[in-house]
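One structure below.
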There are 2 protein chains.
Amino acid sequence: MDKDLVFKALADPTRRLMLDEFSERKEQTLYELMARLIMRHKVAISRQALAKHVDVLEEAGLVSSEKRGKYRMLVFDDGPLRTVMDRWLK
Amino acid sequence: MDKDLVFKALADPTRRLMLDEFSERKEQTLYELMARLIMRHKVAISRQALAKHVDVLEEAGLVSSEKRGKYRMLVFDDGPLRTVMDRWLK
DNA sequence: ACAATACGCAACCATAGGGTTGCGCGTCAA
DNA sequence: TTGACGCGCAACCCTATGGTTGCGTATTGT
């Protein structure tokens, strides 16, 4: 696990909102996620922009994607978050 | 405490190295900190650049500065780090 | 079969942010 | 008092990155 990629993923407020949603629902399609961001957080964002954010979360190991038919199912993993902060809190 | 500012502060690798040093020595002058970054982490950085990073850490509440004569003493506070991750880890 | 849908890819734009250089101001020791 | 040192401020440069638009591809339901 590359901690730098995790912090890079956490740097953006939209991605942090995405993690908020994932912490409540571990599995979501990209469109479900977008709908929730719009409705619950009033985030105006395009599908492509959101897909880019998903890519960043994937590189950080916070999300894994799984092709299901024509949908791309996203699965949250909070593992990296649990380990990344041990650095300064001992 | 503004969590967004904390994540912004954590976004840069140089600032994370600074926190590494602060977690070992809570009080340091700017020059002490610079010397440690250069020696222990081989970071080549100017005083002004480092001062900017300190400003960001201060805005996040991770560091407070105290004027002592002509020196600026920096004091580390890990409080914000301890609370900021509760968001997704429950 | 075919229209709608979910998606990936690529080019492009605009801004944020990390870094540098240059200057000036206090502070302190000789 | 005067020179060296620690620092703040401001202008500038360059790259990373978040966002958009446009197009092509694959999958699905009717």
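By convention in this document, chain letters (A, B, ...) are assigned in the order of the sequence lines, proteins followed by strands, and residues within each chain are numbered from 1.
The side chain of B:H53 places an N or O atom within less than 4.0 Å of a non-bridging phosphate oxygen (OP1 or OP2) of C:dG19. Contact between the side-chain N/O atoms of B:R72 and the OP1/OP2 oxygens of D:dG8 is found at a separation under 4.0 Å.
Here D:dC7 presents its C1' atom at 11 Å from CG of B:D55, a figure rounded to the nearest Å. If you measure from atom CZ of A:F7 to atom C1' of C:dG18, you get 18 Å, rounded to the nearest angstrom. In this structure, the CG atom of A:L33 is 15 Å from the C1' atom of C:dC7, given to the nearest Å. Protein atom CZ of B:R15 is 8 Å distant from nucleotide atom C1' of C:dG18, rounded to whole Å. Rounded to whole Å, atom C1' of C:dT5 lies 13 Å from atom CG of A:L30. Rounded to a whole Å, the NZ atom of B:K8 is 15 Å from the C1' atom of D:dA16. Rounded to whole Å, the distance from CD on B:Q48 to P on D:dG8 is 10 Å. If you take CZ of B:R47 and P of D:dC9, they are 11 Å apart, rounded to a whole angstrom.
A salt bridge between B:R82 and B:D78 is present, with a side-chain N of the basic residue lying under 4.0 Å from a carboxylate O of the acidic one. In summary, B:K26 and B:D77 do not engage in a salt bridge, as defined by a charged side-chain N under 4.0 Å from a carboxylate O.
Linking Ile, Leu, Val, Met, Phe, Trp and Tyr residues whenever their side-chain heavy atoms come within less than 4.5 Å leaves B:V56 and B:V6 in two separate clusters. A:L50 is connected to A:I38 through a chain of hydrophobic side-chain contacts under 4.5 Å among Ile, Leu, Val, Met, Phe, Trp and Tyr, so both are in one cluster.
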Q: With side-chain contact (heavy atoms from CB on, under 4.5 Å) as the test, would you mind laying out the steps for B:E21 and B:H41 before giving the verdict?
A: CA-CA 10 Å; B:E21 291 306 317; B:H41 303 281; 2.8 Å; yes

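Between A:F76 and A:F22, the ring-plane angle classifies as parallel under the 30° and 60° cut-offs.
Each of B:E27, B:E58, B:E32 was checked for a salt bridge (charged side-chain N to carboxylate O under 4.0 Å, His left out) with B:R72, and the lone residue meeting it is B:E58.
In this structure, of D:dG19, C:dA6, D:dG6, it is C:dA6 that holds the atom nearest to the side chain of A:Y31.
Judged by distance alone with a 3.5 Å cut-off, a donor-acceptor contact links the side chain of A:K52 to the base of D:dG19.
Between A:S46 and B:M73, the residue anchored nearer the 5' end of DNA chain D, judged by the nucleotide with its closest heavy atom, is B:M73.
Across residues 62-71 of chain B, B:G69, B:K70 each have a non-hydrogen atom less than 4.0 Å from an atom of DNA chain C (numbered order).
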